[in-house]
Amino acid sequence: MKFGVVIFPGSNCDRDCYHVIKEVMKKPVEYIWHKENSVAAFDALILPGGFSYGDYLRTGAIARFSPLMSAVMDFAQAGGLVIGICNGFQILLEAGLLPGAMLRNSSLKFICQPVFLKTQRNDTPFTNKFKSGQVLKIPVAHGEGNYYCDPRTLQKMKDKGQILFSYCSAEGEDTMEYNPNGSLANIAGIMNEKGNVLGMMPHPERCSEEILGGRDGFNIFASMINWLEGVGE
Amino acid sequence: MKEMTYQEMGLLEEEYEQIVGILGRQPNYLELGMFSVMWSEHCGYKNSRPLLKKFPTEGPQVIQGPGENAGVVDIGHGQALVFKIESHNHPSAIEPYQGAATGVGGIVRDIFTMGARPIASLNSLRFGSLDDERVKQLLAGVVAGIGDYGNCLGIPTVGGEVYFNQAYQGNPLVNAMCVGLVNTNEIAYATASEIGSPLMLVGAKTGRDGIHGATFASEELSEASAQKRPSVQVGDPFMEKLLIEACLELIKEDLVAGMQDLGAAGLTSSIAEAASKKERGVKVDVSRVPRREQGMIPYEVMLSESQERMLIVPREGKEGRIAEIFEKWGLDATVIGEVTGDGWFKVYEGEVLAGEVPVAALTEGCPVYAREGLEPSYYKECRDFDLDELPEYDAGEALASLLASPNIASKRWVYSQYDHQVMINSVLVPGEADAAVLRIKGQQKGVAVTTDCNGRMVYLDPYQGGMMAVCEAARNLACVGAKPLALTNCLNFGSPENPHIYWQMQEAIRGMAKAAQKLGAPVVSGNVSLYNETAAGAIFPTPVVGMVGLLKDIEHRCGMALHDEGDMLVLLGPIREELGGSEYLQVCYGLEKGKVPEVDLEQESRLIEMLISLIEARLLKSCHDISEGGLAIALAESAIKGMIGFRVQWDWGVRRKDRILFSEASGRVVVSLDEKDLASLSSLATQYEIEFLELGRVGSDRMIWEEDGIEFVNLAVQDAARIWGEAIECHMK
């Protein structure tokens, strides 16, 4: 099993994701430069956070045209596991691998703080180590995490169970009060219909070790490994 | 373009005469421009150099002291920290967002120029009163500028300080610090040693922005300053991020002989600095410099302060590999000149010699002014002010007012706009402890960093205030369990031409030097920002201290939050009753007066060692230093952080309560610990000769101070948390 961490110019959580997979999860991992055009050697891909191409034009808008992205899209269509975190999520939206778009935070400010997330399903490649409805504490750090999609898409995502994480209180109450960025339906993370591509604004790699104040992110990566090893299916 | 006279460029008549003497002729416009920026206070330290010599700069841990792009200290295991603090005050006053952003960009370049990967940013900010609309705009702009730039780079902003005072009304301070981690065998220096080596310029294209920025930074702010907005540079953090990654790859492959960032005074300064280290000369062809504007004359190219540019001197034969790496990152590298042996800085435009000056004249040749300081009359007036004439405020009301003071209130509004966790090393983040604590992956040790300075104390007594700034920084590090290693400083003052201001500089530096010496924390880098004045007067003298420290074992660290019901609350250090310079006087009486509480350096040094021992032995559950707001606020903050209350028994007779509650005398901390550890604490206190006093116990959801069964302060922790937590947010709505 091998993870790949994609580096776009301006990615800045690439090293963090690499560290967690290699040193914490103890699994093989390699960086993939955005100009490469194959991901055949990998079993799971991480699109890390950061400011690919300086967020110029729109977040993720230029990275989506990197040579590697067409390989990533083929990989995803073939059912490969892809997780996009923060800017990685924004790139997945721009690439059309996930529905919807990002707006600036409703506060119009960058926001860096821990948030609580409600795990809506635990039968997915990304959440099989959690209990259904489990509340996680994971930090966010973004200026554009205000997720939006049209009402039909939202309804469809609800029907298909594509909303995986929503912002909530420590007790799991998912009202607007606990939403850091104004996202539609408190959305923090969504999957594609097939359930093999996840985009999420919070940073699981920032809370995968006890010394950093919590391990709720660890189980997202552990779930992926579980799934790849065939245990979680 | 209208040509400037030498006076408009900030040169004195005698300096102009000196230049004529050096060249043996009148300088042309380009040469004059080169001299004026290199001889500005910002680049040449012409008013501060004699004073800076007073700082201790050596110690077994020091690998590189002042004189390079940044200081370097050894942290063992073949690793070192590279760090420096720098001001961007004047640009931020005029254009807060870009001014602050490019301040971050500049200091980050200083760090990776040394071969280090930047691992943390800090800042120290001063603004006028937060009731003022312009100040709110400035704060919002500066914080957004720092955040957007640092966040994009992926360097966590882990600490800092923000103060509001009328003294900074028209002249805010924006000081940015960066800390990098480097393997000791990979430290890079700014030298251009081999004759014939090419000079490569890489990064952004050169425009007309920031011309004479260094000169602008060395004069007072006035109405006319707003017209100097073109002197403020515009930042592109994405370009900087590419530069960081590319330059660090060059260092890893050992491809460069010298590397220098382009900061103040642009090409002129970076080339002169690189050449002067080995007494070399250079020749540069400005026509080869990639531009983003047409029709730039050599003067403009050489003085432009366009951001995100680096000068590289390749190792012999490595130009090709260097170009490959830059190409990978989408960067253009251009050879713009070469190192020569004649000691002259020659600027060509194509084949035509546009100007030539001796390198040494630009650098070491900068005139130095040893001025005379004069004690201002306010000093004794403020010091002799009799506080006993003041009526005593109700303690509970005063506590609530102080919690709402923007100087004490939570800075969450600020730091939540900074990514403080990227790089996943941040173990204690803003708001959790007196200093930020970072892990070093794969190592047991940890690093702590802080910035500190109480400008009001320095104003009232520059000598004591200077000592206080150094002591507070060291104490903050000790409060998390770190041993102070070394410091960097940013000396923000008014005009040195005013003898009273020069006296402030002399006295503050004398105090800082003494404390740095005593605490074993030498000065390894720094920056001087003078002429921080408006028509309304000079700022408070504000010599900001940035300090780094080392934790032997990061598992043994301490935060400020109270934890468990029944824990003992203990004051380490003496009960003191001096209110001079306190936030209490300012908030409750509108006074900025009084005798500054004297610093006891011997005691401070022992306290710091004791705290490190206590935390290494895991005896403390919380530790928080006493500074703004005194003992009462230190306890309140620890309670708010832990969301648990306390009960303190008043045991000091009929003395004025406000003096004991709100004194900001240094050398004191409040700790909490399990009762069973009290005996160990007591024996360590005896060993280190530190006074200690049991104050009371942790528990309940209220902060209670009582005397003979009567509660004279009784405040719900939740209410205090709300007042303290929302104060700045309310101002900014």
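Sequence lines set the chain letters: A, B, ... in the order given, protein chains first and strands last, and positions in each chain run from 1.
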CE on Met423(B) to SG on Cys13(A), rounded to 0.5 Å:
10.5 Å
Counting only non-hydrogen atoms closer than 4.5 Å, does Glu209(A) touch chain B with its backbone (N, CA, C, O), its side chain (CB onward), both, or neither?
side chain
Return yes when atom CD of Gln718(B) has more than 12 non-hydrogen atoms of other residues, nucleotides or ligands closer than 6.0 Å, and no otherwise.
no
What one should report as the nearest heavy-atom pair of Val427(B) and Ile211(A) is CG1-O, 3.6 Å
Residue Glu555(B) versus chain A: region with a heavy atom under 4.5 Å:
side chain
Does anything in residues 168-187 of chain A get under 4.5 Å of chain B by heavy atoms, and if so which residues?
none
Side chain from CB out, backbone as N, CA, C, O: work out which of these in Ser426(B) comes under 4.5 Å of a heavy atom of chain A, or both, or neither.
backbone
Value rounded to 0.5 Å, distance of NZ in Lys328(B) from NZ in Lys35(A)
9.5 Å
Checking side chain to side chain contact (heavy atoms under 4.5 Å, CB included) for the pair Ile424(B)/Arg15(A): CA distance, chi angles, key distance, verdict?
CA-CA 9 Å; Ile424(B) 53 172; Arg15(A) 296 154 59 89; over 6 Å; no
How about Gln417(B) and Cys112(A): do any of their side-chain heavy atoms sit closer than 4.5 Å?
no
Region of Ser11(A) in contact with chain B, defined by heavy-atom distances below 4.5 Å
backbone
Sorted by chain and number, sequence neighbours left out, side-chain hydrogen bond (donor to acceptor under 3.5 Å, both in side chains) with Lys22(A) holds for none
Could you check whether the rings of Phe238(B) and Tyr56(A) sit parallel, tilted or perpendicular, using 30° and 60° as the cut-offs?
perpendicular
State whether the number of non-hydrogen atoms from other residues, nucleotides or ligands found under 6.0 Å of Glu729(B) atom CD is greater than 12.
yes
Listed by chain and number, what are the ring pair (Phe, Tyr, Trp, His ring centres under 6.0 Å) partners of Trp724(B), not counting sequence neighbours?
none
Of the backbone (N, CA, C, O) and the side chain (C-beta and beyond), which part of Lys441(B) lies under 4.5 Å from a heavy atom of chain A, both, or neither?
side chain
Measure distances from Arg206(A) to the heavy atoms of chain B and classify the residue's part below 4.5 Å as side chain, backbone, both or neither.
both
Hey, mind stepping through Arg439(B) and Leu212(A) against side chain to side chain contact (heavy atoms under 4.5 Å, CB included) and telling me if it holds?
CA-CA 9 Å; Arg439(B) 70 168 170 184; Leu212(A) 301 177; 3.8 Å; yes
Keeping Asp236(B) on the side-chain end and Gly54(A) on the backbone end, is there a donor-acceptor pair under 3.5 Å?
no
Residue-level interface, residues 134-144 of chain A with chain B, non-hydrogen cut-off under 4.5 Å:
Pro139(A), Ala141(A)
Using a 4.5 Å cut-off on heavy atoms from C-beta on, say whether the side chain of His203(A) contacts that of Val422(B).
no
Specify which of Ile111(A), Val20(A), Asn12(A), Asp55(A) makes the most heavy-atom pairs with chain B at under 4.5 Å.
Asn12(A)
Using a cut-off of under 4.5 Å on heavy-atom pairs, state which of Asn151(B), Asn425(B), Ile155(B) scores highest against chain A.
Asn151(B)
Residue Ile554(B) versus chain A: region with a heavy atom under 4.5 Å
side chain
Check the surroundings of atom NZ in Lys205(B): do more than 12 heavy atoms from other residues, nucleotides or ligands lie under 6.0 Å from it?
no
